[in-house]
Amino acid sequence: MINLIIFYNQILSEKVEAKVSENSRYSFSHVATEFFHYQQNLIDREERSRNLNLNEKSLMTCHILPFFEQRSLKKITRLDLEEFYTSLVKIKKLK
């Protein structure tokens, strides 16, 4: 009986770990990191400008990541994007 309880607890913990990794896999920050790894490969093959990548990283780090950071890409809506844009206009006085 004790072995069955241990086995059951292991299965539950594996499901929790799988769920956590699934959630983090779709987090905005994780996808952004993967995107910049992809872009670095393009730069290494001289298919993309190093300066353009630096500019995009700066924008991502300073403005976009602080707002979306751990949100799941699956759950970001048009209203979230509108809220983000509004926050940029208010904070940065963008036009």
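Just so you know, residue 1 is the first one in the sequence shown, and it goes up from there. Predicted model only: the values in this text are computed from it and were never measured.
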Sequence-distant partners of Ser49, side chain to side chain contact (heavy atoms under 4.5 Å, CB included), two or more places apart = Asn51, Leu52

How many angstroms lie between atom OG of Ser29 and atom CE of Met60, to the nearest 0.5 angstrom?
-> 10.0 Å

Any link between Ile64 and Leu81 through a network of hydrophobic side chains (Ile, Leu, Val, Met, Phe, Trp, Tyr) touching at under 4.5 Å?
-> yes

Contacts of type side chain to side chain donor-acceptor pair (under 3.5 Å), residue Glu46, not counting sequence neighbours = none

Ring pair (Phe, Tyr, Trp, His ring centres under 6.0 Å) partners of Phe84, counting only residues at least two apart | Phe67, Phe68

Sorted by chain and number, sequence neighbours left out, side chain to side chain contact (heavy atoms under 4.5 Å, CB included) with Glu34 holds for His30, His37

So do Glu69 and Phe28 actually touch side chain to side chain, heavy atoms under 4.5 Å?
-> no

With sequence neighbours left out, the residues meeting side chain to side chain contact (heavy atoms under 4.5 Å, CB included) with Arg78 are Glu82

Decide whether Ile43 and Phe35 are clustered together by the hydrophobic rule: side chain heavy atoms of Ile, Leu, Val, Met, Phe, Trp, Tyr closer than 4.5 Å, transitively.
-> no

Could you list who else is in Leu42's hydrophobic cluster, with ILVMFWY side chains joined at under 4.5 Å, directly or through other members?
-> Tyr38

Residues in side chain to side chain contact (heavy atoms under 4.5 Å, CB included) with Thr77, at least two apart?
-> Leu79, Asp80

Sequence neighbours excluded, which residues qualify as salt bridge (Lys or Arg N to Asp or Glu O under 4.0 Å) partners of Glu56?
-> Arg48

Would Arg50 and Gln40 satisfy side chain to side chain contact (heavy atoms under 4.5 Å, CB included), going step by step from the backbone distance to the final call?
-> CA-CA 8 Å; Arg50 186 171 306 279; Gln40 187 60 50; 3.8 Å; yes

Could you grab the distance from atom CD of Gln39 to atom CG of Asn53, nearest 0.5 Å is fine?
-> 4.5 Å

Exam field: side chain Ser58 to backbone Leu54, donor-acceptor pair closer than 3.5 Å | no

